Student: 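Here you go, one structure.
Residue numbering restarts at 1 for every chain, and letters A, B, ... go by the order of the sequence lines. When reading the values below, keep in mind they use all heavy atoms of this one structure, side chains included, and skip hydrogens, waters and symmetry mates. What you are looking at is a predicted structure, and each value in this text was computed from that prediction instead of being measured.
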Amino acid sequence: MKKLILSLCLLLSMSAIADEGADTLEFKSDEQRSQYQRLTEELRCPKCQNQNIADSNAPIAKDLRNEVHRMILEGDNEEQIVDFMVERYGNFVVYKPKFDTTTYLLWLGPACIAMLGLVIVVISARKKRRASDTEGSALSQEEKNQLSNILSEDEK
Amino acid sequence: MKRALLFLPLVLAAIIGVILFWGLSNDPTKLESARIDDPLPSFTLPSLQDPGKFLSQEDLKGKVSLLNVWATWCPSCRVEHPYLLKIAKEYGVPVIGLNYKDERDAAKAWLIKLDDPYTFNIYDEKGKLGLDLGVYGAPETYIVDSQGIVRYRHVGVVDDQVWKKILEPRVKQYSNEG
């Protein structure tokens, strides 16, 4: 337990160190500052498996933060900055990649699977209902005669 | 027909299993390069050994070459260094160095001490060319064809296996095409 707490503290302090970003950097406006914050949280560090560049201590994350800062000061908009990163590091750097020929499966896959599931559920529900409908009215005239015979025999 | 439908869940499970298994065998630290089949990004950077001399993407044209990203702070680069010497000397493939975010003096001393496999070295002090290439760690080795087009990227150490199985066949292929 102690170890757990210790490592948690370490983790927290590490992210505190990494967060050198928006507060210490110079921006022309608060708008730019929040833009920087948003972008560094949206962009994924290529070297670390699942950290955004705002949280990562990797040297490459620092370089990318610098690039984001530079581009914001030069007046590039968010789309231009994201495109710049994707051009260099591929779709890996964005958590929400653009919809295109290489990512359509990622975007449409879950919806397709959900649709497939829905279709299967509907079909099997219909089948069940049909089965129970026929069970209810299933006695033919011959069977009814047979049944009444049996019942009348019992009464004797 | 109905019987066959019963096997549908099994088939679906098998397909998902194959996909997940394939995912396991993929190394998540190896990224696709966004630069494959694109020309090298244009750059103007000084030579490592000769600060007054400037190099550009034009200097990599003419022959299929390896562009090797290295630095003295990178332990794996030291591991692959002897093999780069072998490639340059025994196989006659030009190896171009991209000295990435390094100190010039340390890098020069390294090449004197460990011998120099590189045809020439680009000194990328700020990592600008590295960033344009999509470098996210060292060592990385790119195959650049005679037209200056990036054809392949290998992340990690180049050793006997990597050279024989991955790099050499491709270098030969692009040499024949060019």
Student: Would you find a donor on one side and an acceptor on the other, under 3.5 Å apart, between the side chain of A/Tyr89 and the backbone of B/Leu133?
Tutor: no
Student: Where on A/Val86 is there a heavy atom nearer than 4.5 Å to chain B: the side chain, the backbone, both, or neither?
Tutor: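 When you check distances to chain B, only backbone atoms of A/Val86 fall under 4.5 Å.
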Student: Evaluate whether atom CD of B/Gln161 has more than 12 neighbouring non-hydrogen atoms of other residues, nucleotides or ligands under 6.0 angstrom away.
Tutor: no
Student: Does any part of the side chain of A/Leu64, heavy atoms only, come nearer than 4.5 Å to the side chain of B/Leu131, both counted from C-beta?
Tutor: yes
Student: Counting only heavy atoms from other residues, nucleotides and ligands, does the tally under 6.0 Å from NZ of A/Lys96 exceed 12?
Tutor: no
Student: More than 12 non-hydrogen atoms from neighbouring residues, nucleotides or ligands closer than 6.0 Å to NZ on B/Lys164, yes or no?
Tutor: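 Correct, the count exceeds 12.
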Student: Can you see which heavy atom on A/Glu87 is nearest to which on B/Ala34, and at what distance?
Tutor: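 A/Glu87 and B/Ala34 have their closest heavy atoms at O-CB, 3.2 Å.
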Student: Flag yes if more than 12 heavy atoms outside A/Gln80 fall under 6.0 Å of its CD atom; otherwise flag no.
Tutor: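 Yes, CD of A/Gln80 has more than 12 neighbouring heavy atoms, counting only those of other groups under 6.0 Å.
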